[in-house]
Amino acid sequence: MRTATLGPAERTVALAAMAERELDVLVVGAGVVGAGTALDAATRGLSTGLVEARDWASGTSSRSSKLIHGGLRYLEMLDFALVREALKERGLLLERLAPHLVKPVPFLYPLQHKGWERLYAGSGVALYDAMSVSSGHGRGLPVHRHLSRKHALRVAPALKKDALVGALQYYDAQMDDARFVTELVRTAASYGAQVANAARVTGFLREGERVVGALVKDVEGGTEYEIRAKQVVNATGVWTDDTQGLIGERGQFHVRASKGIHLVVPKDRIHSSTGLILRTEKSVLFVIPWGRHWIIGTTDTDWDLDKAHPAASSADIDYLLQHVNSVLNTPLTRDDVQGVYAGLRPLLAGESDATSKLSREHTVAHPAPGLVVVAGGKYTTYRVMAKDAVDEAVHGLDQRVAACVTEDTPLLGAEGYKALWNARARIAARTGLHVARVEHLLNRYGSMTEEILELILADPTLGEPLPAADDYLRAEIVYAASHEGARHLDDVLTRRTRISIETFDRGTRSARLCAELMAPVLGWDEERIDREVQHYEKRVEAERESQRQPDDLTADAARLGAPDIVPI
């Protein structure tokens, strides 16, 4: 199978191709569900288009807790079907679909009561493991274990002695959410889907009651395209109601946004060899290993302000610090926080009490002929959501269509990954890169690492790390623009890499060099480089200012002080 290249020329070709002839399916929105839907449709042999107003995963799908998990807390709610489904998907991703991107991660759950809590929580975790194995795809993860307080403190010395009487340790999985979506998009394109970011739907084409396509504007070039399709799938997450509003159709449910924020702190600030899961009065708090960092999250508050740039307030940050410090020997302070990010969960809210339970699940509707809407759900179950959306769209196609095959369709980079991992020392010797660098590349690109190495072979300076963000090689910045559809400096610093949350300067010291590396690929002159850098610096300052504000309203106003580099 060929590897899809998503450079500027390919984007131009894709937009023209979508407008040239009627598609079977046009997907609107390239978060994880939209990208998964495009892959599902393309692998059934359907002519497929995918358009995204901003960048791949620029909304919710780049701002999650980075976990692929069954939802242990949903067991407590007795939602066994949801947990079973998610555990099956977790296993598929770990073992077959994306072993290069999805990795096991251990969590410690401190027990605070003797006797009954160990029995209660232990039974839940045992059931979680049993359901994982019974799904047929859970044998790759270690089973949970019970720890005494002494043993738990050896595993996680950062914990206060009086914060626990013992602990349970269990396993889930994690991934880089934005990178995962990028690979989904590229995989869809490799199976024939036409894909374009910075392409916004401005309206729908109608013939009577039927939706027959969409008006799509290239927000950078200004050209407007009429893209006709037998079925249009609205997969726009927290923008679902806005997109539906373009045709005056909303259906029996609507999507409300719930804000979750996360803090990123250096690894040495919390002395532990395992992640942590802590109970709060409202939900749970995760402390998640993330390379040379920890991710701490999350919150869960209603949000009805700007959807594109949800802002974390000072109160949000204090909430997380207060809760994590309640169990830590050495408290974290604001000065320990390297990065902060806020995302919006698309939760379903029904027109009646009967549908309000959908908030943790997903739904698919056909509100108008030719238009399918998919909304809600969890990142982990994106593939199931995509399958359900395409199944619904197929009902409106006057042709026989193959069944879903994505359960057996690995993402780009998965095939050959394990063999290359076994050969990583040889690759390091051949290329002159340190073996740790090779491991870093393999766990981000899988077997597509060879494409990065070809760039370095052609220009050895690209094998050097970025001076102010040395986890990343210069070649990765070039590759993001030439192969992964990055159009702006923002795209590279916040999604293709995570420099914006992994450095104390939040990427400002890397901005100019990254822009200069992108420039030859994207045809930027010095003026354009300056503009991209200035925009990024303003964005970082606006985010910092928002995080000094006391509440959502003032934080939102501060964040909106930095306009988008291209108005959407």
- Query: Is it the case that more than 12 heavy atoms not belonging to Glu415 sit under 6.0 Å from its CD atom?
  - Reply: no

- Message: Test of understanding: with side-chain contact (heavy atoms from CB on, under 4.5 Å), list the residues that count as partners of Ala178, not counting sequence neighbours.
- Response: Ala57, Ser62, Asp176, Arg495, Arg498

- Item | Set of residues satisfying ring pair (Phe, Tyr, Trp, His ring centres under 6.0 Å) with respect to Tyr445, sequence neighbours excluded | Tyr479

- Message: Please enumerate all residues that pass side chain to side chain donor-acceptor pair (under 3.5 Å) together with Arg334, with sequence neighbours excluded.
- Response: Ser314, Asp318

- ring pair (Phe, Tyr, Trp, His ring centres under 6.0 Å) partners of Phe180, counting only residues at least two apart: Tyr382

- Message: Filter on salt bridge (charged side-chain N to carboxylate O under 4.0 Å, His left out), then keep only pairs touching residues 542-558, sequence neighbours left out; what's left?
- Response: Lys259-Asp552, Arg539-Glu543, Glu541-Arg548, Glu543-Arg559, Glu545-Arg548

- Tell me, please, which residues at least two apart from Arg149 pass side-chain contact (heavy atoms from CB on, under 4.5 Å). Leu153, Leu164

- Message: Checking Tyr171 now: which residues fulfil side chain to side chain donor-acceptor pair (under 3.5 Å) with it, not counting sequence neighbours?
- Response: none

- Query: Strictly by modelled atom types, are Gln169 and His151 linked by a side-chain donor-acceptor pair under 3.5 Å?
  - Reply: no

- Those residues at least two apart in sequence (or on a different chain) that pass side-chain contact (heavy atoms from CB on, under 4.5 Å) with Thr299 are Ile261, Tyr319, Leu320

- Check side-chain contact (heavy atoms from CB on, under 4.5 Å) between His271 and all other residues, then give those that pass, not counting sequence neighbours. Pro157, Ala158

- Which residues satisfy the side chain to side chain donor-acceptor pair (under 3.5 Å) test with Arg426, sequence neighbours excluded? none

- Task: With sequence neighbours left out, write down each residue that passes side chain to side chain donor-acceptor pair (under 3.5 Å) with Tyr472, or none if nothing qualifies.
- Result: Glu502

- Residues, nucleotides or ligands: over 12 heavy atoms within 6.0 Å of Lys267 NZ: yes

- Task: Output all residues satisfying ring pair (Phe, Tyr, Trp, His ring centres under 6.0 Å) with His113, sequence neighbours left out; order by chain, then residue number.
- Result: Trp116

